[in-house]
2 protein chains.
Amino acid sequence: MKKIQVPKESVKRLFLYLRNLNYLAQEGRETISSDKLAQDIYVSAAQVRKDLSYFGDFGRKGVGYNVQSLISDIKSVLGLDKKWLVALVGVGRLGSALLNYPGLEELGFQISVAFDIDPKKIGKTYREVKIKDSSQIEKIIKKEKIKIAIITVPVSAAQKTADVLTKAGIKGILNFSPKYLTIPENVKIKTVNIAIELGNLAYYLTHSESEARSFI
Amino acid sequence: MKKIQVPKESVKRLFLYLRNLNYLAQEGRETISSDKLAQDIYVSAAQVRKDLSYFGDFGRKGVGYNVQSLISDIKSVLGLDKKWLVALVGVGRLGSALLNYPGLEELGFQISVAFDIDPKKIGKTYREVKIKDSSQIEKIIKKEKIKIAIITVPVSAAQKTADVLTKAGIKGILNFSPKYLTIPENVKIKTVNIAIELGNLAYYLTHSESEARSFI
DNA sequence: TTGCGATTGTAATCACTTTCACAATTATAA
DNA sequence: TTATAATTGTGAAAGTGATTACAATCGCAA
């Protein structure tokens, strides 16, 4: 095991390995080789081994990796060995879609509270998640010690929402509004922009000699 | 101008430059330097120039870039100089959220038809988009010569949907189901997995010495 | 017309990531 | 017990991407 900078792409691939491992566990598989683990993800066996080696020696030479223990090792590496409470701000179409998004809990995420400013929505319960008034963001997030939030408000309200969230102690933001959000240095932000994803597709369709496959 | 492999990240950054340029155009700015263009995107001026240089010599030494012509040059490079018709399959919560997603038309994308299997939805018009029976996917996509599709069906139907779409001549797929889709070599696919995005956030929160900022 | 500050485009360098290739280890069968 | 096939972990090499630094060019003011 070494203590050097881990490539961002290696981290992303860990999620893919984890997904494969979960399938294998379901099938009752006990051990797996890097070669098999790499299958279907368009990655080499050496890449798999290298990625894993950034975090520890998880395999046994001549044998491979134990499926169950590799699952828990990767989960632990990714910080998925505990439950993450998530706050959702903006219960519009996209927001309520996310409340129903399958696979969040699989990785240990639980949207535990949602906020909106629409009086018609406030007070309702959506998929066991209570919708609260946005004016209570700071109070509730502080009280529940929530660290991750999803922003699905209209673009005009996005920056103000980010400000309130960071003030409330949120440390990670998944932002769906197509806009720069200015946030403190110590807060992590990830922006998902669907128009840009489509745009990428358009680029690679236009220049179709290259590739745009992405299995993440 | 050179003819070498363009880094994927460079292509992504072009979208950010384009967004900045659109703001600048609105403000009536006529020319702009790589230095100013880089601002707010956490990128160096040299990076901007390098990215642009993969596609041509768009600037003038001592002067900078003409805002209007750089906009159209970048659009042309990205394949956004024409309108792209897009088919949407699966008008559930996420699907209907995408029908309302602002910013798609800004880049020239138009969801021109949507498909679902629910008789209660078929025939309705959603934001000027007619919802058709999924059994007609192949016929309509062939007729309209649509090249890009978005898959927002439940995970259980995703692979079958991808099969039909590629059979109909779709060349690019934006996939929102958390699953591998097996598709022909010449079809481009981009998968958006919200759980993995959150997972990335969790990783960088857990290992908070590194960074997870991403402005795309 | 000349000189100067601004700015690009890119060659060279530096940094990071992936691939290669093989010693070390393990299980198993003879 | 020994030989063999399977498989990992990793140092070194190759490949890719980002940064640096500067010659070349431009507009403008004197």
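Order of the sequence lines sets the chain letters (A, B, ...), proteins ahead of strands, with each chain counted from 1.
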Notebook entry, point to check: Cation over ring, B:R19 on A:Y180, under 6.0 Å and within 45°?
Noted result: yes

Nearest whole angstrom, please: distance from the [atom2] of [N] to the [atom1] of [X].
X	N	atom1	atom2	result
B:R13	D:dA18	CZ	P	5 Å
A:D57	C:dT25	CG	C1'	12 Å
B:K50	C:dT8	NZ	P	15 Å
A:L70	D:dT7	CG	P	15 Å
A:R49	C:dA21	CZ	C1'	10 Å
B:D35	D:dA21	CG	P	16 Å
A:E9	C:dT19	CD	P	12 Å
B:F55	C:dT8	CZ	C1'	18 Å

In Å and rounded to the nearest 0.5 Å, what is the [atom1] to [atom2] distance from [X] to [Y]?
X	Y	atom1	atom2	value
A:T191	A:L181	OG1	CG	6.0 Å
B:L85	B:I148	CG	CD1	9.5 Å
B:N193	A:L107	CG	CG	7.5 Å
A:Q5	A:Y54	CD	OH	9.5 Å
B:L70	B:Y17	CG	OH	10.5 Å

Check: Nearest to the side chain of B:K61 - D:dA21, C:dT18, C:dT7?
Finding: C:dT7

Next item on the list: Counting heavy atoms from C-beta on, name the nucleotide in C:dT19, D:dT19, C:dT7 closest to the side chain of A:Q47.
Entry: C:dT19

Notebook entry, point to check: Can you find a pair of side-chain heavy atoms, one from A:L80 and one from A:F15, that are under 4.5 Å apart?
Noted result: yes

Notebook entry, point to check: Does a side-chain N or O from A:S53 land closer than 4.0 Å to OP1 or OP2 of D:dG9, or not?
Noted result: no

Next item on the list: Compare side-chain N and O positions of A:Y65 against OP1 and OP2 of D:dG9 and report whether any pair is under 4.0 Å apart.
Entry: yes

Margin query: Determine whether A:D163 and A:Q159 satisfy the following criterion, side-chain hydrogen bond (donor to acceptor under 3.5 Å, both in side chains), listing intermediate values before the conclusion.
Written below: CA-CA 6 Å; A:D163 294 344; A:Q159 181 62 59; 2.8 Å; yes

Short N/O separations, protein against nucleotides 27-30 of chain D, under 3.5 angstrom:
residue: D:dG27; atom: OP1; partner: B:R60; partner atom: NH1; Å: 3.2
residue: D:dG27; atom: OP1; partner: B:R60; partner atom: NH2; Å: 2.6

Next item on the list: Taking Watson-Crick and G-U wobble pairs with both distances under 3.5 Å, convert DNA chain D into its dot-bracket string, 5' to 3', dots for unpaired and | for cross-strand pairs.
Entry: ||||||||||||||||||||||||||||||

Margin query: Going by the rule side chain to side chain donor-acceptor pair (under 3.5 Å), which residues pair with B:S10 if we only count those two or more places apart in sequence or in a different chain?
Written below: B:R13, B:D51

